[in-house]
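Naming: A, B, ... by sequence-line order, numbering from 1 per chain.
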Amino acid sequence: MSDRYEPSQFEAKWRQRWKEAEIFTTRTEEGRPKFYGMDFFPYPSGAGLSVGHCRNYVPTDVICRMKVMQGFNVLHPMGFDAFGLPAENEAIKRKSHPAPMIERYAANYRRQMDLIGVSYDWSREFKSSDPSYYKWTQWIFERLFERGLAYRSMAAVNWDPIDKTVLADEEIVGGRAERSGALVEKKWIPQWFFKITDYAQRLIDDLDELNWPEGIKAQQRNWIGRSEGVQFSMTVSIPIHVPDVPTAPDPHIDLRSELEKLQDEIRASGFEPSAKESTIQKVGQIEQDLQKAAGAASGKKFDQAVDAAHKAMGKMSSNLEDFELKSRPNDFQFEVFTTRIDTIFGMTFCVLAPEHPLIDQIAPLVAPEHEQNIRAYQLQAKLLSDTDRQAENREKTGVFTGANAVNPANGKSVPIWIADYVLATYGTGAIMAVPGHDERDYAFATKFGISVIEVITPGGAPTGELPFVSKDGVLVNSGEYSGKGVSEAQKELGDWIERRGIGKRKIQYKLRDWLISRQRYWGCPIPIIHAKDGEMQMVPTDCLPVELPQVENYEPSGDGTSPLAHIPNFVNTTDLDGRLGLRETDTMGGFACSSWYFLRFCDPHNFEKAWEKNLVDYWMPVDCYVGGAEHAVMHLLYARFWTKVLYDAGLVSVKEPFSRLENQGQVLGMTPYRKPTEAENLDVTEEGILISYEEAETLSAEEVSWRWARMSKSKGNVVTPDEAVEHFGADALRLYLLFVAPFNADVNWSNDGMSSQSRFLSRLFKIVSDVKSVYEPRWHDFIGFGEADDKSRKIRRWTHQTIKKCTDDIDRFSFNTYVSTLMIFSNNLSDMTRDLTEPSRPVQLALSEAIDVLIRLLSPGAPHSADELWESIGASGFVFNAEWPVASADLVAEDEVTIAVQVNGKLRDTFTVSIGAKEEDVKALALASEKVQPHLEGKTIRKVIVIPAKLVNIVAN
RNA sequence: GCCGGGGUGGCGGAAUGGUAGACGCGGCGGUCUCAAACACCGUUGGGCUAAAACUCGUGCGGGUUCGAGUCCCGCCCCCGGCACCA
């Protein structure tokens, strides 16, 4: 064996031996605990793996390898997420069929995974596109269908015009399709949904018990978006149209306010037909009053005012007549949802989403100019894309409907507006607007001159200063609720609304049902037959899978139907009763396939059923699930949902699939950009124009700006494991990936880092080679029995401290400190072994133990080197099958400790004492310290704090 | 704006409330070499120093504590996610 790390000499050899000995095959032995460690199901892309992928796979491999050595039954599987858009698009681009293409890509992935020595049990591999797998995806679909959790319905859905299919809400980011980048259009077509909303509450509640990154849990909570509030109904009133009336110059008679008073009275009458008579009388009375006033006053201007008022009155009266003939406004109601029922007295208007169904009912009844405004606004809203509508800081728009609604809390009438800042898809699509205490309503009210009422103040007295920002405090201007605190008022108003039967408390979620159907070929067919009478029938289990037909052309049609719809042999079938029927032609989105693969790994070759329950019960949940953070609200939410459904159906015994989740950081590659020339100024990102490494070479340093960007084929900045292994070796790559940064931190990749790992490994080879001549293979039989000496004690302490630290570090995913602990150990050992001549027997034994342990601890991180070293010291088999060392608490403990001496918390001296030193002695030594004395001069010692085996702090002033 | 995670040398980063900067990269000095590369050895937070001593130092301002990178309060900045969700 060489005394240097020369990967080309042995790494391939060991990989071959591992394969031949099938050491990675999952073992289940009685009486052992289990450990299920898994990486996210990758989609095999033509680009192959980058070192970024390896940053996911290597750490999982390290923890799984350690668990095996610790005596766990370990399940560490790998498979491929082969169905779905990316594969199909790639196949279309390459003018090939996705099935053989995916085969090739997956084989290449596997080759690369093997190249870096990951210990997957390949005997359990499958692809989600294997009929033997998707048969059971269909079977699970049917279990959802049976339970009413898979349904087909018309909906305005996200249509991706590039990929020519609909997509789930989770796949849309900022109005664009996450994958294709296309601006999403709304399309009104029948689609399949999974009723994930039924599980919204449980999906929130059960997050608490999961050992997941806080950020992911928060993203899921936020996506599900639970809010508690009150939903209540509002009654519509369509008031008499009042034209503008000039204000009279006589302060005693304000025409405008008289008219408004009249309106209020009309409203208060509740529009009862019987009130019409008295209302008309009142109008007459006001007319008389006005005439009197006119008589008393003089001047032409006032006469004009009265004339105008008369005209207004006339119009009012005639409108009143119309009104009774045209409508029965009591029939019109709409529901609003609010989380702030305590602000109900601050409601000064209501807003309906432009798509709200009530609008079509009231539009014909309001004054003609309002109806026109409504129609124009609705049209505008329809034409506006989602992105434009949701553009940042967009100015509020809206129109008054001409109709009013009655605030149930105080009977006051408020105008109903329509505005697109209210979303039709959330809550009831209508709100009570409280501009006093809601920013959006405030912006709207200010723009359209709607009044603002302050109903909450921090102190109890209105501040009068707009805008009112208080969210918490005491109610004012709120009738009998004035003076109450916010939470008290919320409770009482909620009770009051429920008592009156106007509405009830409600929990509202942002989450919407999971849109699962896709109008694409390369996916799992939905196993449903549409019978002639419209009935939807499940394909019986023994007829599953409904296989994808082999076809030449599978391009998406783009007309909203699946390519399968154009294949008569597929579409035409018979239903359960033997009558002609039509197959469902949509396929399931890829996320359905990846929502249960972790169950299949427990029993991957079962042809009778999806899984044997006791096998799933044994392995589940996944103890450690590792992958990127980008799946926070997609795969990770869907998989949790399916698991819960299967739990409810009694098919699995866990409510949650992944008890621990870890997200690896991204690996960023150096990416060259250049400044655009003047002609190119349009359509350039702020980084500049992406260029190739070759082009960068031809340009001067000033012309190129290098940036760190996620490795991707399109950016040309990918570093592959193949090149890294070729130049530095698989173990150097593995250790570098572990060491370079904390596991979840992003990394700026540089190949230089691997050479330092190569040096480290060479140092280990050197140490082992130096110690080999004195290595005692039976150290275990002798160590601890004879006399120890200082040197041997020191070595054994290092050894056992290293065992403890490495074990803890791997368990808590602190792989960078795991590697650095091995480095410290090896630095210490090489200092010790540099001039190794005739060691004492205790030192010989201690060094033998140290070398043995070092190799075992190294093995998860650098398995090839570990086996090579293992063999060189005459051990047999593989380190993988050896036991993980256990630290002895006695040996870990120091026999001497350094005591820090502080004066008023500042370090002044250190000294060493034996571990058992008495507190008084330590204290005396500290006080006697020469370095401490000057700092105590002229001061009185107030207190001396002694922390055993740590420090002494002298408090003096 | 809201939610989550962060802010420590030239850089990546260590540090159960107890000696800040482990380990590594880079730098500097040296050994080897005709020389360079490799490798190895030593050194390396700033200030002041010949050196020691001293002093400053974990984004900023307060606080708790004998003692704070770590805990509490108020800010600033960076990264990620969501975003007119009533």
Where along nucleotides 12-17 of chain B does protein come under 4.0 Å, by heavy atom, of base (B) or sugar-phosphate alone (S), with - for untouched nucleotides? BSSSB-

B/S/- along nucleotides 47-57 of chain B (protein heavy atoms under 4.0 Å) is -------SSS-

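Residue Y426(A) has a polar side-chain atom (N or O) positioned under 4.0 Å from OP1 or OP2 of A86(B). Side-chain N/O atoms of R942(A) include none lying less than 4.0 angstrom from OP1 or OP2 on C66(B). In this model, the phosphate group of C25(B) is not approached by any side-chain N or O of S750(A) to a distance below 4.0 Å at OP1 or OP2.
Using a 4.0 Å heavy-atom criterion, one finds that T425(A) contacts no nucleic acid atom at all. Within 4.0 Å of S756(A), counting heavy atoms only, lie sugar-phosphate atoms of the nucleic acid but no base atom. Backbone-only engagement by I824(A) is indicated by non-hydrogen atom pairs under 4.0 Å involving sugar-phosphate atoms exclusively. Within the nucleic acid shown, K943(A) comes within 4.0 Å of sugar-phosphate atoms alone, with no base atom in reach, counting heavy atoms only. D438(A) comes within 4.0 angstrom of no nucleic acid atom, judged by non-hydrogen atoms across all strands. The residue R221(A) sits apart from the nucleic acid: no heavy atom pair falls under 4.0 Å. Contact annotation for R763(A): backbone-only contact, meaning every heavy-atom pair under 4.0 Å involves sugar-phosphate atoms and none involves a base.
Classified by interplanar angle (parallel below 30°, tilted 30° to 60°, perpendicular above 60°), the ring pair F658(A)/H635(A) is tilted. Between F349(A) and W417(A), the two ring planes are perpendicular [angle over 60°; tilted spans 30° to 60°]. Classified by interplanar angle (parallel below 30°, tilted 30° to 60°, perpendicular above 60°), the ring pair F334(A)/H356(A) is perpendicular.
With A22(B), C82(B), G18(B) as the candidates, the nucleotide lying closest to the side chain of Q902(A) is G18(B). Taking the side chain of N953(A) as heavy atoms from C-beta on, and the options G4(B), A86(B), C66(B), the nearest nucleotide is C66(B). Distances from the side chain of V422(A) to the nucleotides G4(B), C84(B), A86(B) place A86(B) closest. When distances run from any side-chain atom of V955(A) to the nucleotides C84(B), C66(B), A86(B), the shortest one goes to C66(B). Set against G18(B), G4(B), C84(B), the side chain of E214(A) has G4(B) as its closest nucleotide. Here C84(B) is the nucleotide among C82(B), C84(B), A86(B) with the atom lying nearest to any side-chain atom of K396(A).
A donor-acceptor pair shorter than 3.5 Å can be found between the side chains of D731(A) and S865(A).
One P atom belongs to G13(B), the other to C79(B), and the distance between them is 15 Å to the nearest Å. U8(B) and A20(B) are spaced 8 Å apart, taking the C1' atom of each and rounding to whole Å.
One atom, CD of E170(A), and another, C1' of G81(B), lie 14 Å apart when rounded to the nearest Å.
Residue-environment remark: NZ (K217(A)) exceeds the threshold of 12 foreign heavy atoms within 6.0 Å.
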Nucleotide-level pairing of RNA chain B, given in dot-bracket where Watson-Crick and G-U pairs need both distances under 3.5 Å and | marks other strands: (((((((..(((.....[....)))((((((.......))))))(((......)))..(((((..]....))))))))))))....

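F444(A) and Y442(A) have their aromatic ring centers separated by at least 6.0 angstrom.
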